[in-house]
Amino acid sequence: EKMKRAERMVAITQVLMLKPNVLTPLALFAEQFRTAKSTISEDLMAVKGSLQLSGHGHLETIPGAAGGVRYIPEISREEATAVLNSLAERLNDKERILAGGFIYMTDLLFNPSILRPLGLIFAGAFRQKKPDVVVTIETKGIPLALVTAEALGVPMVVIRSGNKVTEGSSVSINYVSGSSRRIQTMSLSRRALEARQRVLIIDDFMKAGGTALGIKSLMEEFQADVVGIGILVEAQITSEPKLVEGYLSLLQLKELNPDSGKTTVVPVFL
Ligand SMILES: O=P(O)(O)OC[C@H]1C[C@H](OP(=O)(O)OP(=O)(O)O)[C@H](O)[C@@H]1O
């Protein structure tokens with residue numbers, strides 16, 4: 001028998017939240033729930049209202065024949081602050097101190113429950129730049145870039161360190177990662193990007209900025225437009241200027257003292 005409004009609203013919300021940023025025509029819902037499009041429009045108004053209350057994103061309705069509705073996932077400012085504060089706390093642990101001015105973050109960078117809100121925070125910060133693709137360099141930046149791409153509803157591209165046979169013909173550039181002070185190579189398959197694509201660069205850590213600068217110059221080789229650079233943790237231990245500008249970091253490593261075991265990681269408030 002016909003579904004009641006509340007049941008349709010739950011079903012519609014599920015369909016939309018499982019496909020973030022994807023436009024669903026109203027006709028599809030009308031057909032699926034065997035009801036009029038006008039009824040679906042009323043259902044959507046109610047779903048819109050409840051999403052506004054929850055702060056977990058909003059609905060975007062596009063009118064007309066090619067129109068429809070899509071769910072834009074979002075995280076509230078309060079929740080984002082709580083996530084970054086708790087992440088800073090977990091990073092402020094002397095057990096995480098590594099040689100060379102690094103902190104061990106791999107356990108956090110590969111934990112989906114931590115990554116999901118971080119992807120929403122980056123997506124919220126860069127959505128208005130309308131990126132077509134999220135780009136990172138292997139390895140630790142990959143999960144972060146993937147959840148950011150998922151929240152934006154765009155694909156992700158991984159730059160390889162060194163040439164890989166399985167990537168086909170590639171473009172390579174050499175760069176100096178401040179972390180290693182040695183010349184390194186990054187390469188990307190020619191098939192990975194088209195000219196004038198709008199690129200959001202995401203990485204887990206920035207020390208000297210050499211990697212981000214390298215990625216920017218590699219994007220120039222593809223005539224791609226870098227519309228933003230998102231970094232989870234940037235080292236701000238010295239006042240040494242970074243090799244790259246115009247990036248947004250979510251956390252700053254202000255102090256790292258292997259002798260005293262003192263680390264200070266603080267959130268950068270958006
Ligand atoms: O700002 P820079 O001085 O260039 O350093 C930032 C690099 C170094 C580190 O990568 P690695 O730990 O070297 O590589 P992976 O991510 O594969 O572990 C990090 O993920 C950034 O990509």
Side-chain angles (χ1 to χ4, degrees), residues 84 87-88 90-91 93 95-112 114-115 118-119 121-122 126 133-149 156-164 166-167 170-189 192-193 199-221 224 226 228-256 258 263 265-266 268:
L84 293 177
L87 197 47
R90 292 184 70 170
L91 289 170
D93 172 355
E95 302 304 317
R96 290 185 178 273
I97 294 179
L98 302 173
F102 276 99
I103 38 179
Y104 182 77
M105 303 198 295
T106 311
D107 55 324
L108 307 173
L109 288 169
F110 285 77
N111 178 331
I114 294 176
L115 285 158
L118 294 178
I121 294 172
F122 275 130
F126 291 106
V133 60
V134 174
V135 171
T136 191
I137 183 165
E138 61 182 339
T139 301
K140 292 198 288 295
I142 292 175
L144 200 52
L146 192 60
V147 291
T148 301
M156 189 263 269
V157 156
V158 178
I159 295 170
R160 307 302 294 266
S161 43
N163 258 312
K164 296 281 181 302
T166 50
E167 295 288 338
S170 300
V171 179
S172 299
I173 60 120
N174 297 319
Y175 70 104
V176 178
S177 159
S179 320
S180 60
R181 290 196 200 298
R182 58 185 162 77
I183 300 261
Q184 289 181 289
T185 301
M186 60 170 81
S187 78
L188 182 60
S189 161
L193 282 176
V199 166
L200 170 59
I201 296 170
I202 292 289
D203 208 354
D204 62 300
F205 192 81
M206 179 187 281
K207 194 161 171 240
T211 302
L213 182 65
I215 297 175
K216 279 184 80 169
S217 43
L218 184 57
M219 292 301 102
E220 278 158 32
E221 296 294 321
V226 175
I229 302 175
I231 302 292
L232 180 59
V233 181
E234 70 163 319
Q236 272 291 6
I237 302 170
T238 66
S239 54
E240 188 95 4
K242 299 288 186 217
L243 295 168
V244 73
E245 290 172 345
Y247 59 88
L248 167 82
S249 57
L250 301 185
L251 295 165
Q252 282 184 344
L253 175 61
K254 307 290 272 189
E255 182 188 8
L256 179 57
T263 28
V265 175
V266 295
V268 174

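As the structure lists them, so they are numbered: ligands from 1, and atoms in each ligand from 1. FYI, the numbering just counts along the sequence from 1.
Between the Glu138 side chain and the Ser161 main chain, a donor and an acceptor come within less than 3.5 Å of each other. One N or O on the side chain of Lys242 and one on the backbone of Lys207 form a donor-acceptor pair closer than 3.5 Å. When atom types are taken as modelled, the side chain of Ser187 and the backbone of Gly162 share a donor-acceptor pair closer than 3.5 angstrom.
Between Lys140, Gln184, Met186, it is Lys140 that holds the heavy atom closest to atom 18 (O) of ligand 1. With distances taken over non-hydrogen atoms, the option nearest atom 1 (O) of ligand 1 out of Lys207, Lys242, Met105 is Lys207.
Counting the atoms of ligand 1 from 1 in the order shown, those under 4.0 Å from a heavy atom of Met206 are 1 (O). Within ligand 1, counting atoms from 1 as listed, the ones closer than 4.0 Å to a heavy atom of Ala208 are 1 (O), 2 (P), 3 (O). Applying the 4.0 Å criterion to heavy atoms of Asp204 picks out, from ligand 1, the atoms 19 (C), 20 (O).
The CG atom of Leu251 sits 9.5 Å away from the CD atom of Glu234 when rounded to the nearest 0.5 Å.
Residues Phe126 and Ile229 come closest through the heavy atom pair CZ-O, 3.4 Å.
Residue contacts with ligand 1, taken as heavy atom pairs separated by less than 4.0 Å, involve Thr139 via backbone and side-chain atoms alike. With a heavy-atom cut-off of 4.0 Å, Thr211 touches ligand 1 through backbone and side chain alike.
Between Ile137 and ligand 1, no pair of N/O atoms sits closer than 3.5 Å.
Applying the side chain to side chain donor-acceptor pair (under 3.5 Å) test to residues at least two apart or on different chains, the pairs with a partner in residues 100-110 are Arg96-Asp107.
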